[in-house]
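Written out below as structure tokens is the structure these notes cover.
Lettering of chains follows the sequences in order, A, B, ..., and the numbering in each one begins at 1. Side chains are part of it too, since the values below use all heavy atoms of this structure and drop only hydrogens, waters and symmetry mates. Everything numeric here is computed off the predicted structure, so don't read it as measured data.
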Amino acid sequence: MADLLAPQLSAETPAPDWLEARRLAGKAAWESSHLPTRKTEDWKYTSLFALKQPFTAATESSESAQEIGLDLPQLSGSRLVFVNGFWREDLSELVPDAAIELLRFAEADEEQARLISEHLGSIVPNSKHPFSTLNDAVLSEGVFLRILADSKAAFPVQLVWHNSEQTDAAINSQRLLVLAEQRSEATVVEHFSGQGHSFTNGLSELILEAGAKLDHSRLHLESADALHIGGLHAGLNRDATLNSFHVAFGGKLKRVDVVINHRGRGAHCQLDGMYLLCGQEHMDYHTCIEHAEPQCTTDETFRGIIGDKARGVFNGRIHIHPDAQKTRAELSNKNLLTSSTAQVNTKPELEIYADDVQCAHGATVAQLDESMLHYLRTRGIPSDEALILLSYGFINALVEKQRLEPLRDYLKPRLAEYFGSAISAEPDYAAS
Amino acid sequence: MLSIKDLHAEVEGKNILNGLNLEIRAGEVHAIMGPNGSGKSTLGHVLSGRPGYEITQGSVEFLSKDLLTLDTEERAHLGLFLAFQYPVEIPGVSNMEFLKASVDAVRESQGAATYDTVSFMRRAREACAAVDLDQAFLKRGVNEGFSGGEKKRNEIMQMMLLEPRLCILDETDSGLDIDALRVVASGVNGMRSEPRSFLLVTHYQRLLDYIEPDFVHVLADGRIIKSGEKSLALELEEKGYSWLDESEVA
Amino acid sequence: MSQEQIDRAIAKDYAAGFTTDIESDTLTPGLTEDTIRFISAKKKEPEWLLEWRLTAFRFWREMSGPDWAHVNYPEVDFQSISYYSQPKSMEDRPKSLDEVDPELLATYEKLGIPLHEQEALAGVAVDVVFDSVSVATTFREKLAEAGVLFCSISEAVQHYPDLVQKYLGSVVPRKDNFYAALNSAVFSDGSFVYIPKGVRCPMELSTYFRINEANTGQFERTLIVADEGSHVSYLEGCTAPMRDENQLHAAVVELVALDDAEIKYSTVQNWYPGDAEGKGGIYNFVTKRGLAHKNAKISWTQVETGSAVTWKYPSCILRGDNSVGEFYSVALTNNLQQADTGTKMIHLGSNTRSTIISKGISAGQSSNAYRGLVRVGPAAKGARNYTQCDSLLIGDKCAAHTFPYIESKNPTGVVEHEATTSKVSDDQLYLCQQRGLDPEKAVSMIVNGFCKEVFKELPMEFAVEAGKLLEVSLEGSVG
């Protein structure tokens with residue numbers, strides 16, 4: 001395995017003392033950790049082979065948004081933009097909002113530093129997620145979003161991580177900590193985009209205190225050559241509600257672990273996601289819902305469309321701990337294969353240690369319904385167009401479910417365009 | 001047949017019955033009416049021994065036995081039947097299989113010979129016809145996917161087959177259309193006989209148009225506050241339960 | 001009704017727990033190449049088979065036991081197991097049932113398989129494996145008329161070496177897994193069935209397995225070959241006497257269904273599960289696999305109520321076009337039992353179809369996991385799978401898990417998986433009790449209802465037995 005840490009350390013800006021200690025601990029943990037192999041159950045279908053190449057330190061870019069091809073939903077709220085891992089003040093925007101504090105770790109005042117120290121990494125088990133230690137080792141550009149107790153953010157907060165085209169494969173990290181205090185409400189959009197073959201090690205943590213409500217989206221719309229290994233870890237305390245929405249185009253290697261911890265009675269999570277893969281892309285979503293407390297609920301829906309020679313992996317684990325009675329948890333994963341060389345491996349898992357629970361999961365792998373295709377064609381719609389329509393229909397319901405209208409408006413044309421190109425490149429399927 | 005004295009009961013720490021007294025003799029039909037939350041349904045469950053219903057005071061004698069010391073199934077063996085307001089579904093267990101096991105258990109406990117399969121099936125089909133339930137329901141899982149009305153008719157059918165001594169009907173009329181109500185009532189009326197008694201628990205007097213009670217009791221705050229003949233039900237219908245509160249005060 | 005009642009109803013004694021006092025000829029514990037040479041010589045095996053075993057043994061020594069299953073048990077000491085046990089009075093094999101040791105026959109009576117009666121009534125041919133040697137085979141003549149070969153695998157090695165050599169290890173290679181390799185090295189006996197072309201086997205074939213001798217592992221090997229267009233239904237029943245120590249059972253079953261053939265394999269497994277404290281019980285580590293050629297059908301039905309630890313995945317390789325695989329399973333665990341069981345459906349041919357219906361029931365402090373793999377290969381055009389996995393929990397100390405792996409490489413394949421969990425609800429029990437049923441009867445009825453889709457796949461007499469077995473196994477689970 002190439003050295004994934006050294007190039008990042010060379011580009012790392014100095015960190016304040018309170019952060020430095022954590023960086024050093026992360027460095028030590030990373031250096032002593034063992035990377036998973038294909039024999040590691042959680043990595044059975046995803047090879048880290050693509051990381052066996054030399055990575056260089058990412059370089060700062062000063063080009064305009066247009067020049068680097070940055071394309072974002074217009075959300076009207078605060079926005080922090082990072083390019084190649086470096087903060088771009090000129091592209092960022094801070095809209096005053098009394099309900100939130102939004103800053104980079106390096107800028108934290110004493111109180112904020114205390115909160116970051118208290119919560120950062122508190123719900124990420126490093127032993128299961130070795131890449132989180134790599135992330136710990138380079139923290140200075142981490143972002144902290146605090147939503148103050150009993151208040152509601154006026155605007156959605158947008159966090160953008162963009163990689164520009166670079167000659168060598170560069171490596172950088174992304175880190176976000178959201179602390180939604182008691183009974184607060186906010187909307188956060190994480191947006192990954194870029195060109196080229198950079199490797200990003202992302203890690204976001206969402207802490208929802210009692211009664212907090214958070215609408216969260218994480219968009220992985222990077223180029224087909226991108227590499228990303230990332231995690232989203234959320235901790236939900238009593239009666240907290242999290243809506244988390246995930247969209248991913250594939251990359252050379254993409255793996256995102258979504259871990260939701262129900263840590264207080266009555267918490268609710270709605271988790272939706274889609275992965276749309278073509279070419280030789282690989283995308284692996286591993287979701288894990290830990291029901292540690294009674295009366296929590298989870299609704300999880302993931303849908304995948306896999307074409308060309310792409311490979312999709314989905315693993316959805318629901319773990320009901322002893323005494324987590326009156327849990328209701330449901331998971332559905334549906335996959336469409338649109339080419340004879342596409343592959344999908346899916347494994348919904350239930351692990352249950354309490355009896356008074358309602359749990360169900362379902363998974364399907366199929367192609368588009370012939371009779372539907374036929375029906376559209378009898379109505380005069382050409383078969384390739386019918387394919388696009390139906391594929392789009394397969395994931396559209398998940399988009400429509402999202403409350404943030406500008407996000408829906410942003411995604412829809414991009415998804416339609418994606419299907420247009422992805423599916424018309426499938427002559428063998430369209431002809432059948 | 002049934003003698004309830006000073007019955008107090010609580011559910012989840014809340015007092016629901018507060019000193020209820022009731023005497024039912026063989027062959028009588030009693031109706032218990034009362035506003036929501038008066039403890040009507042609790043009475044049925046206390047008598048049949050539902051877990052979680054705790055008796056804090058009082059006694060219940062049924063056919064000269066101390067009912068409260070018996071397990072639920074022993075009460076059923078003695079001839080106590082409760083038609084549930086919300087019968088639960090038991091997937092995979094066919095109605096026929098369930099009925100046979102139930103009737104066998106009750107008859108065996110009473111020292112009566114069990115029916116052979118053929119004659120039992122005949123009886124079950126007859127009972128189905130009597131409550132206007134298609135015979136296909138016998139093959140389906142117990143209450144599985146039944147509509148509200150079908151569940152109620154299924155309860156009455158079981159009552160017919162079990163031939164109990166005391167039938168408690170817990171709001172059997174709720175959620176039934178008029179035709180279903182007639183079917184249920186004619187089932188009950190067909191079973192009225194000298195040794196058999198009925199306790200009808202209901203919110204509306206509508207049911208009593210079809211099943212004529214000998215006595216009507218009004219339950220409020222866990223006690224019977226007024227008893228009378230059939231006319232009491234009509235009076236209640238006309239004046240509402242609030243009339244009673246006033247008359248009690250007066 | 002409560003937990004207490006539930007606990008009471010699941011706690012009955014193991015009805016088949018008794019040992020038979022027959023002098024046995026048992027090999028001293030330990031496993032070396034000499035052990036294998038001894039077994040092979042004892043059975044007067046041809047040279048090729050000895051070599052086959054020794055190769056397997058060499059593979060085995062290089063392998064390690066599986067660690068991915070959701071079960072925990074102390075490491076098995078393979079050197080403390082005796083690899084050959086043969087009832088002494090069997091040295092000269094009986095020619096008919098009359099020659100069989102009466103005490104042995106009495107054992108079978110206790111197990112509910114009275115051979116004489118079966119001969120007359122059920123029309124079932126039984127090949128009984130008592131410890132390691134097949135002691136009696138009935139109905140062989142009638143089967144011979146139809147051309148069906150049904151005998152112990154040791155006899156098959158002597159009489160039909162070509163068939164054995166051709167198919168042994170063809171479905172489960174010696175290297176397949178740790179326990180399959182061990183079995184290939186030391187297998188003692190088992191059943192062999194060959195159904196000739198176009199023949200419909202005139203009766204259900206049946207084997208009862210029973211582990212009797214203390215400290216003997218049982219390594220039986222079953223091979224069933226259904227030639228083109230033939231049909232056979234095979235029943236396997238398993239019991240073992242109660243002992244404090246854990247005993248190892250590592251069997252291999254291979255099914256070969258040639259073009260247009262059909263094999264139905266039903267198992268009722270009632271190995272000793274250990275006592276309520278988890279002491280004793282069988283470790284059941286079994287490899288079962290069938291290979292289906294063109295238009296062939298392989299159907300596994302299993303009712304698993306016994307064993308301390310079960311590790312078992314009866315599987316189908318659907319190699320031929322239009323072949324069909326089925327897996328119907330009821331697995332019940334109680335007390336401290338652990339089960340990790342399921343199936344693999346490997347779709348290789350086009351238009352292959354598979355159905356998986358799995359019902360797991362957990363009671364007491366047991367752990368019950370379904371683990372299944374459905375793989376649709378690149379050439380499996382139009383493959384179709386439907387999987388339904390349901391778990392029923394009785395009590396709040398038990399665990400139920402579902403781990404379905406779905407791997408699809410063909411867009412025309414359709415794979416559907418659904419899983420649910422439920423409990424025996426207090427309301428269901430109350431309704432049953434109100435109608436006069438005692439709690440145990442009520443639970444067993446609800447559990448039987450839960451398992452109905454699987455029981456209907458069992459041959460009639462087995463279905464009745466399976467229902468009773470569940471009832472016994474659940475005793476003490478309702479309090």
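Proximity to chain A (any heavy atom under 4.5 Å) is shown, for C/Pro404, by both the backbone and the side chain. Neither the backbone nor the side chain of A/Phe314 comes within contact range of chain C; no heavy atom of the residue lies under 4.5 Å from a heavy atom of that chain. Of the atoms belonging to A/Lys334, not a single heavy atom falls under 4.5 Å from chain C. For A/Val357, the parts lying under 4.5 angstrom from a heavy atom of chain C are both the backbone and the side chain. Using a 4.5 Å cut-off between heavy atoms, A/Glu41 contacts chain C through its side chain alone, with no backbone atom that close. For A/Ala342, the part lying under 4.5 angstrom from a heavy atom of chain C is the backbone only.
Residue A/Arg303 qualifies as enclosed at atom CZ: its count of foreign heavy atoms under 6.0 Å is above 12. Around atom NZ of A/Lys401, more than 12 heavy atoms belonging to other residues, nucleotides or ligands sit under 6.0 Å away. No more than 12 heavy atoms of other residues, nucleotides or ligands shown are found within 6.0 angstrom of CZ on C/Arg319. For A/Lys326, the NZ atom is loosely surrounded, since the number of other residues' heavy atoms within 6.0 Å does not exceed 12.
The OH atom of C/Tyr370 sits 13.0 Å away from atom CD of A/Glu349, with the distance rounded to the nearest 0.5 Å. The CD1 atom of C/Ile406 sits 7.5 Å away from the CG atom of A/Asn333 when rounded to the nearest 0.5 Å. With rounding to the nearest 0.5 angstrom, the OG atom of C/Ser422 is 10.5 Å from the CG atom of A/Asp355. Between the NE2 atom in A/His361 and the SG atom in C/Cys389 there is a gap of 6.5 Å [rounded to 0.5 Å]. Between A/Leu350 atom CG and C/Phe403 atom CZ the span is 9.0 Å, to the nearest 0.5 Å. C/Glu407 CD to A/Thr346 OG1: the interatomic distance, rounded to the nearest 0.5 Å, is 10.5 Å.
Ranked by non-hydrogen atom pairs under 4.5 Å with chain A, the options C/Thr412, C/Asn410, C/Thr420 are led by C/Thr412. Taking A/Ala363, A/Pro322, A/Ala360, A/Ser332 one by one and counting their heavy-atom pairs under 4.5 Å with chain C, the maximum is reached by A/Ala363. Among A/Glu351, A/His319, A/Lys44, the residue making the largest number of heavy-atom pairs under 4.5 Å with chain C is A/Glu351. Looking only at heavy-atom pairs under 4.5 Å with chain A, the residue among C/Ser425, C/Gly413, C/Ala399, C/Ala419 that has the most is C/Ala419.
Pairing each heavy atom of A/Gln325 with each of C/Asp396, the nearest pair is NE2-CB, 3.5 Å. A/Pro348 approaches C/His417 most closely through the heavy-atom pair CG-CD2, 4.1 Å.
Residues A/Val365 and C/Val376 fail the side-chain proximity criterion, which asks for heavy atoms closer than 4.5 Å. A 4.5 Å side-chain heavy-atom check between C/Ser408 and A/Leu337 finds at least one atom pair inside the cut-off.
Between the side chain of C/His401 and the backbone N or O of A/Ile352 there is at least one donor-acceptor pair closer than 3.5 Å.
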